[in-house]
Amino acid sequence: MELENEKQLNFIEQIISDDLESGRVQEIITRFPPEPNGYLHIGHAKSICLNFGLAEKFNGKCNLRFDDTNPEKEEEHYMEAIKEDVRWLGFQWAKLCYASDYFEQFYRWAVDLVKAGLAYVDHQSPEEIRQTRGTLTEPGENSPYRNRDIEKNLELLQKMRKGEFDEGECVLRAKIDMSHPNINMRDPVMYRILKKAHYRTGNLWCIYPMYDFAHGYEDAIEGITHSICTLEFADHRPLYDWFLENVDIPSRPRQYEFARLNLSYTVMSKRLLLGLVGEGIVSGWDDPRMPTIQGLRRRGYTPSSIRKFCQEIGVAKSNSMVDYELLEHTIREELNAKAQRVMVVLHPLKVIIENYPDDAEELIKYQNNPEDPSMGTRMVPFSKELYIERDDFREDPPKKYFRLAPGKEVRLKHAYYITCREVIKDEWGNIVELRCEYDPESKGGETPDGRKVRGTLHWVSAPHGVKVEIRLYDKLFTLKNMSEMEEGKNYPHYLNPHSLEVLSESVAEPVLKEAQPGDRFQFLRQGYFTVDSDSTPDTLIFNRTVALKDTWAKIQNKG
RNA sequence: UGGGGCGUGGCCAAGCGGUAAGGCAAGGGACUUUGGAUCCCUGAUUCGGAGGUUCGAAUCCUCCCGCCCCAGCCA
């Protein structure tokens with residue numbers, strides 16, 4: 001089975017496999033190169049799993065490198081959060097690197113390019129540069145500064161570095177071809193002047209390298225063999241190669257592109273995510289509805305479920321939109337095997353067992369996880385007064401309704417069979433209580449006569465129950481593909497008003513008093529829940545990670 | 001109308017000239033002290049389209065169509 005798995009390589013694995021076989025490389029080194037200007041999301045997780053996964057699979061190494069070449073956007077706390085997220089996902093980097101550590105080397109290579117007549121200082125304004133770049137169908141025009149002599153360029157570049165020019169006054173440009181059909185090759189900017197303090201280099205520099213100029217060199221310095229990035233950089237590959245081919249470098253990396261992840265009903269763009277946080281639509285970057293690593297973590301996703309998901313979606317070059325159901329499936333699959341089953345009544349309805357002794361109580365033996373008997377059993381208190389789910393009773397039950405109704409019998413999980421004898425209502429006709437009768441013979445959930453009951457309900461003993469807060473989460477947006485918003489509408493038009501529902505009357509069985517933030521449970525017949533970081537021993541808060549599959553809901557929806 | 005990339009069932013995705021893997025979703029059934037889980041079964045006569053090469057094409061060639069990306073001193 002594993003052999004087949006190894007045979008089925010994605011296109012990048014095939015390239016690596018071939019490179020190793022042909023001897024083009026002895027050992028592979030990859031890297032995950034985030035810019036510390038925001039929090040990581042599930043799309044980054046795909047890249048992380050790919051890069052670190054490749055290193056693991058081929059016995060190579062993977063670096064974590066901060067691509068911190070823009071002091072205007074980058075901050076230390078993002079860097080720390082990114083490191084934590086990568087570790088949480090379960091990966092260890094071979095080296096922790098920073099593009100900003102290479103600034104001096106970048107400068108030397110820039111000087112080399114100037115000396116080779118391949119770069120020049122341009123005094124055109126940003127607008128002039130834009131205007132002379134040409135368009136998709138028309139070539140650009142050469143800058144009037146393009147043919148300055150080398151000595152002059154060297155001198156000007158030094159002045160740029162020394163801070164003798166203001167921001168925007170000039171840039172260093174690569175001298176390639178202003179009529180190149182690939183716009184990226186039309187004398188791209190290498191250095192711009194930014195008189196801003198950098199979070200790591202402080203005020204040491206006032207010129208900062210552009211991505212295209214820097215990235216290949218970062219890879220070359222670290223000995224990266226396979227530099228993997230997303231599809232939109234494919235157009236930049238000729239430039240990546242150009243910079244590497246025109247100076248002396250310690251190693252020759254190659255760039256490969258794959259399709260970034262899109263997930264239905266959510267967005268991956270940092271801008272939109274930032275908007276959700278900034279406008280208070282979500283509580284923060286770690287809001288459990290966010291597709292961020294921190295959001296998923298708080299929602300209750302495990303690192304292994306996210307890794308599994310990334311493995312399942314595959315790696316290819318076609319733009320794709322993955323159903324969020326696949327993400328849900330991976331966490332259900334894992335938690336089904338591992339999570340302790342526990343009973344919590346989300347919307348309580350009181351039940352009085354009329355023929356149960358008034359002050360009696362007993363302990364019911366309860367299986368912690370039928371999928372894993374080694375998880376053992378525990379004792380759950382039972383008494384005359386219980387809560388069941390409001391939804392588990394219908395005064396006028398529809399067809400195929402297996403739950404409680406007047407005169408009908410159901411099983412209380414692991415406890416007894418009960419039959420509803422009377423419905424108590426308040427003055428407005430709302431059902432406030434059920435009077436039931438239990439069968440003492442049915443203890444444990446079966447009777448000597450072997451009669452069958454279709455419905456099995458979860459329950460909580462009222463005097464023993466613990467009041468808890470439950471946060472029910474759902475999709476953030478109502479539109480499956482958020483890149484297909486209608487004209488004139490933007491993302492606020494598509495917010496799901498039911499993405500968060502807070503229940504404050506829920507009642508849990510007493511074991512949950514011991515639950516710690518991050519613990520995960522299956523609430524029987526409801527779904528998987530985790531203890532939220534806001535939770536305290538006095539007010540326990542549970543987040544719903546994902547609901548259980550609900551076949552009954554499906555039957556109902558069909559009419 | 002320049003350049004680059006991509007088109008395999010509802011969503012991903014294998015396939016690399018020898019007769020369409022797998023997962024998710026969907027539907028049907030079995031089982032069930034979670035209407036959970038599990039287990040069976042069903043679904044592309046067909047690979048964006050049209051030609052061509054070949055004994056044989058999703059795989060090779062030609063043309064066409066569709067979608068995505070690129071005109072930051074962002075990454």
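Basis for what follows: all heavy atoms, side chains included, without hydrogens, waters or symmetry-related copies. Lettering follows sequence order; numbering is per chain, from 1.
If you check every strand for non-hydrogen atoms under 4.0 Å, A/Pro370 touches a base. Counting non-hydrogen atoms under 4.0 angstrom, A/Val315 reaches the backbone sugars and phosphates but no base.
Here A/Ser318 reaches the OP1 or OP2 of B/A13: one of its side-chain N or O atoms lies under 4.0 Å away. Between A/Thr551 and B/G36, a side-chain N or O to OP1/OP2 separation shorter than 4.0 Å is present. Residue A/Gln14 places none of its side-chain N or O atoms closer than 4.0 Å to OP1 or OP2 of B/A14.
Taking A/Phe523 as the reference, A/Phe529, A/Phe542 meet the ring pair (Phe, Tyr, Trp, His ring centres under 6.0 Å) condition, with sequence neighbours excluded. In this structure, the salt bridge (charged side-chain N to carboxylate O under 4.0 Å, His left out) partners of A/Lys83, at least two apart in sequence or on a different chain, are A/Glu80. Residues satisfying the side chain to side chain contact (heavy atoms under 4.5 Å, CB included) test with A/Tyr265, not counting sequence neighbours, are A/Tyr324, A/Lys475, A/Lys480. Looking at residues two or more places apart in sequence or on another chain, you find a side chain to side chain contact (heavy atoms under 4.5 Å, CB included) between A/Ser125 and A/Glu127, A/Glu128. The salt bridge (charged side-chain N to carboxylate O under 4.0 Å, His left out) check on A/Asp122 picks up A/Arg173, with sequence neighbours excluded. Scored by the salt bridge (charged side-chain N to carboxylate O under 4.0 Å, His left out) test, A/Asp187 finds A/Arg146 as partners (sequence neighbours excluded). A/Lys196 is linked by a salt bridge (charged side-chain N to carboxylate O under 4.0 Å, His left out) to A/Glu72, A/Glu167, counting only residues two or more places apart in sequence or in another chain. Looking at residues two or more places apart in sequence or on another chain, you find a side chain to side chain contact (heavy atoms under 4.5 Å, CB included) between A/Ala81 and A/Tyr39, A/Gln294.
Between the CD atom of A/Glu389 and the P atom of B/G36 there is a distance of 16 Å, given to the nearest Å. Rounded to an integer number of Å, the gap from CE of A/Met321 to C1' of B/C12 is 12 Å.
Checked against the 6.0 Å centroid criterion, the rings of A/Tyr217 and A/Trp109 qualify as a close aromatic pair.
Side-chain polar atoms of A/Glu138 and A/Thr135 form a donor-acceptor pair below 3.5 angstrom.
The aromatic ring of A/Trp552 is stacked on the base of B/G35, with the two ring centres less than 5.5 Å apart and the planes inclined by under 30°.
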Contact pattern, 5' to 3', of nucleotides 19-25 of chain B - B, S or - by protein heavy atom under 4.0 Å: --B-SSS
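With a glycosidic angle no further than 90° from 0, B/G72 counts as syn.
Note that A/Arg200 lies in the cation-pi zone of A/Tyr98, set by a 6.0 Å cut-off to the ring centre and a 45° limit from the axis.
Going from the P atom of B/A57 to that of B/U46 covers 14 Å, rounded to whole Å. Remark: the separation of the P atoms in B/C11 and B/G2 is 30 Å, to the nearest Å. Rounded to the nearest Å, the gap between the C1' atom of B/C65 and that of B/A13 is 24 Å. Atom P of B/U8 sits at a distance of 30 Å from the matching atom of B/C55, rounded to the whole Å. For the P atoms, the distance from B/C61 to B/G27 is 42 Å, rounded to whole Å. If you take atom C1' in B/U45 and the same atom in B/U32, they sit 39 Å apart, rounded to whole Å. Annotation: B/U53 and B/U62 have their P atoms spaced 15 Å apart (nearest Å). The same atom, P, is picked in B/C67 and in B/C73; the two are 29 Å apart, to the nearest Å.
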Return the polar atom pairs (N/O with N/O) between nucleotides 69-73 of chain B and the protein under 3.5 Å, or none.
{"residue": "B/A71", "atom": "O2'", "partner": "A/Arg133", "partner atom": "NE", "Å": "3.3"}
{"residue": "B/G72", "atom": "OP2", "partner": "A/Arg133", "partner atom": "NH2", "Å": "3.3"}
{"residue": "B/C73", "atom": "OP1", "partner": "A/Arg133", "partner atom": "NH2", "Å": "3.1"}
{"residue": "B/C73", "atom": "OP2", "partner": "A/Arg133", "partner atom": "NH1", "Å": "3.1"}
{"residue": "B/C73", "atom": "N4", "partner": "A/Gln124", "partner atom": "O", "Å": "3.0"}
{"residue": "B/C73", "atom": "N4", "partner": "A/Pro126", "partner atom": "N", "Å": "3.3"}
{"residue": "B/C73", "atom": "N4", "partner": "A/Gly168", "partner atom": "O", "Å": "3.1"}

Please tabulate the protein-to-nucleotide N/O contacts below 3.5 Å involving nucleotides 57-59 of chain B, giving atom names and distances.
none

I'd like a list of close polar pairs between nucleotides 39-43 of chain B and the protein, N/O only, cut-off under 3.5 Å.
none

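Atom CZ of A/Arg148 is surrounded by more than 12 heavy atoms from other residues, nucleotides or ligands within 6.0 Å. Other residues, nucleotides and ligands contribute over 12 non-hydrogen atoms within 6.0 Å of the NZ atom of A/Lys195.
A donor-acceptor pair is defined here as one N or O able to donate and one able to accept, closer than 3.5 Å; such a pair exists between the side chain of A/Arg520 and the backbone of A/Gly300.
You won't find any donor-acceptor pair under 3.5 Å spanning the side chain of A/Glu371 and the base of B/U38, going by distance alone.
Applying ring pair (Phe, Tyr, Trp, His ring centres under 6.0 Å) to A/Tyr211 and the options A/Phe243, A/Tyr191, A/Phe233, A/Phe106 leaves one that passes, A/Phe233.
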